[in-house]
There are 2 protein chains.
Amino acid sequence: MVSLDLSTPMPARKDPKAKASHEATASRREVEFPPRLSSGYLVRDAHRAFQRLLERRIAPYGVARGQWYFLRVLWNADGLSQRELSVRVGMMEPTTVIALRSMERSGLIRRVRGDDDRRKMRVFLTAKARRLRSELLAVARSITEDAEQGIAARDLAAFRRVITRMTANLDRIER
Amino acid sequence: MVSLDLSTPMPARKDPKAKASHEATASRREVEFPPRLSSGYLVRDAHRAFQRLLERRIAPYGVARGQWYFLRVLWNADGLSQRELSVRVGMMEPTTVIALRSMERSGLIRRVRGDDDRRKMRVFLTAKARRLRSELLAVARSITEDAEQGIAARDLAAFRRVITRMTANLDRIER
DNA sequence: GATAATTACTTAGAAATCTATGCAATGGGA
DNA sequence: TCCCATTGCATAGATTTCTAAGTAATTATC
């Protein structure tokens, strides 16, 4: 059980290139609702940082970000229907269609029309995709490690509880 | 690498429509790196939940999600150049161009070529956009409140520290 | 002062998403 | 058995975002 301090030393830049110059400029006010305190903004920033890194690290393997989520599920459950895949990955079906089309083009999957139910398309990984598994999972692990650098285990646990709860809170709301 | 319990109380559905049926199905394994423990996945889910709600709640005002971030900055600093806007909003410049084009079309901004430096385009809110300010900020506040329902203040504080640090960690990494 | 480098914006093109619709296979009731 | 609702996949079209590359205005260098 590691336990180390946290102490946010970085100011959390939004654009990693944009050296500085934007805070401290005119118009400090935003009293009405400062983005730096807004969970939504914090989540958005973090999301983009994760996406950016994921994209860069899997690109060398010829895998795009949108394909990643599907690979991940298929490695553990080959032969699912598109509907099942959509649910498990958490995407709408048209998104799944697009991702699978690109995966078929790049030789990561095959699609086979269902025998029993001819509406269904069962999705199977190719050998190529299966071979990528361990390397790509290592990439995912490394990104998580990079992200969690220097964060105390108990803070991480609290983080997971909170963000999971937030998502659930928001998912419960229809409008 | 830390290893700790987690206790994820909510099942964190991905698709709010997909009632259930996917956890508990076959193939529980994913031993190699369970998504429910991956900060990246948690952040992605939360991000989409936030986006979805934001989109729905501002649509009635005729404002799209991509316009929102710019409005937010402009309410506090009217007349910025596109470059400055990009930096403050945290978007790449082409993204800014697209957002501003749509905002000009919907009558939220005017663009005026700079007098001093004729490369620059200064961006000004219209009266219409200025009038939207308080209502839309209230929307933002309400979403945050919804998200944070039932979460203890100290957990929230830990959450903010952690996610800010994660973003900073990731931003520091180039590849 | 002419040329080179930089800066500000733009275009082009791709990817990842969504909502709304359409079409075809299936299955349950009358 | 036949109709119709449901289910599974697909298309269309919109939005948000990126990277790469282009153009025009400004500034710096010789």
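Every chain is numbered from 1 and lettered A, B, ... according to where its sequence line falls, protein lines coming before strand lines.
The separation between B:I98 atom CD1 and D:dT19 atom P is 13 Å, rounded to whole Å. Between the P atom of D:dT16 and the NE2 atom of B:H47 lies a distance of 12 Å, rounded to the nearest Å. If you measure from atom CD of B:Q51 to atom P of C:dT19, you get 13 Å, rounded to the nearest angstrom. In this structure, the CG atom of A:L54 is 14 Å from the C1' atom of D:dC18, given to the nearest Å. Look at CG on A:L80: it is 13 Å from P on D:dG8, rounded to the nearest Å. In this structure, CD of B:E55 is placed 10 Å from C1' of D:dA14, rounded to the nearest angstrom. Atom CZ of B:R48 and atom P of D:dT17 are 14 Å apart (whole Å). One atom, CG of B:D45, and another, P of C:dA16, lie 17 Å apart when rounded to the nearest Å.
Under the 4.5 angstrom side-chain criterion for Ile, Leu, Val, Met, Phe, Trp and Tyr, A:V97 has no cluster partners at all. Through chains of ILVMFWY side-chain contacts below 4.5 Å, A:V112 is grouped with A:F124.
As judged by a 4.0 angstrom heavy-atom cut-off over every strand, B:S81 is placed among residues touching the sugar-phosphate backbone only. Heavy atoms of A:E93 sit under 4.0 angstrom from at least one base atom.
Using a 4.0 Å cut-off between charged nitrogen and carboxylate oxygen, A:D78 and A:R110 do not count as a salt-bridge pair.
Taking the salt bridge (Lys or Arg N to Asp or Glu O under 4.0 Å) definition, one finds that A:E135 meets it with nothing, sequence neighbours left out. Scored by the ring-ring contact (aromatic ring centres under 6.0 Å, His included) test, B:F50 finds no partners at all (sequence neighbours excluded). Partners of B:F70 by ring-ring contact (aromatic ring centres under 6.0 Å, His included), not counting sequence neighbours: none found.
The listed nucleotides are C:dT17, D:dT7, D:dT17; the one nearest the side chain of A:T95 is C:dT17. Comparing C:dT17, D:dC9, D:dA20 by their nearest atom to the side chain of A:V97 picks out D:dC9. Taking every side-chain heavy atom of A:P94 into account, C:dC18 is the closest of D:dA20, D:dC9, C:dC18.
Residues of residues 101-123 of chain B that place a heavy atom closer than 4.0 Å to DNA chain C, in numerical order, are B:R101, B:R111, B:R119, B:K120, B:M121. Contacts between residues 61-71 of chain A and DNA chain C, counted as heavy-atom distances below 4.0 Å, involve A:A64, A:R65, A:G66, A:Y69.
Here the shortest heavy-atom pairing between B:T95 and B:M91 reads CG2-SD, 3.9 Å.
The list of side-chain hydrogen bond (donor to acceptor under 3.5 Å, both in side chains) pairs with a residue in residues 112-123 of chain A, not counting sequence neighbours, reads A:D117-A:R119.
Residue A:Q82 places at least one side-chain N or O closer than 4.0 Å to OP1 or OP2 of D:dA10.
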Show which side-chain atoms of residues 149-157 of chain B pair as donor or acceptor with protein atoms under 3.5 Å away, not counting sequence neighbours.
none

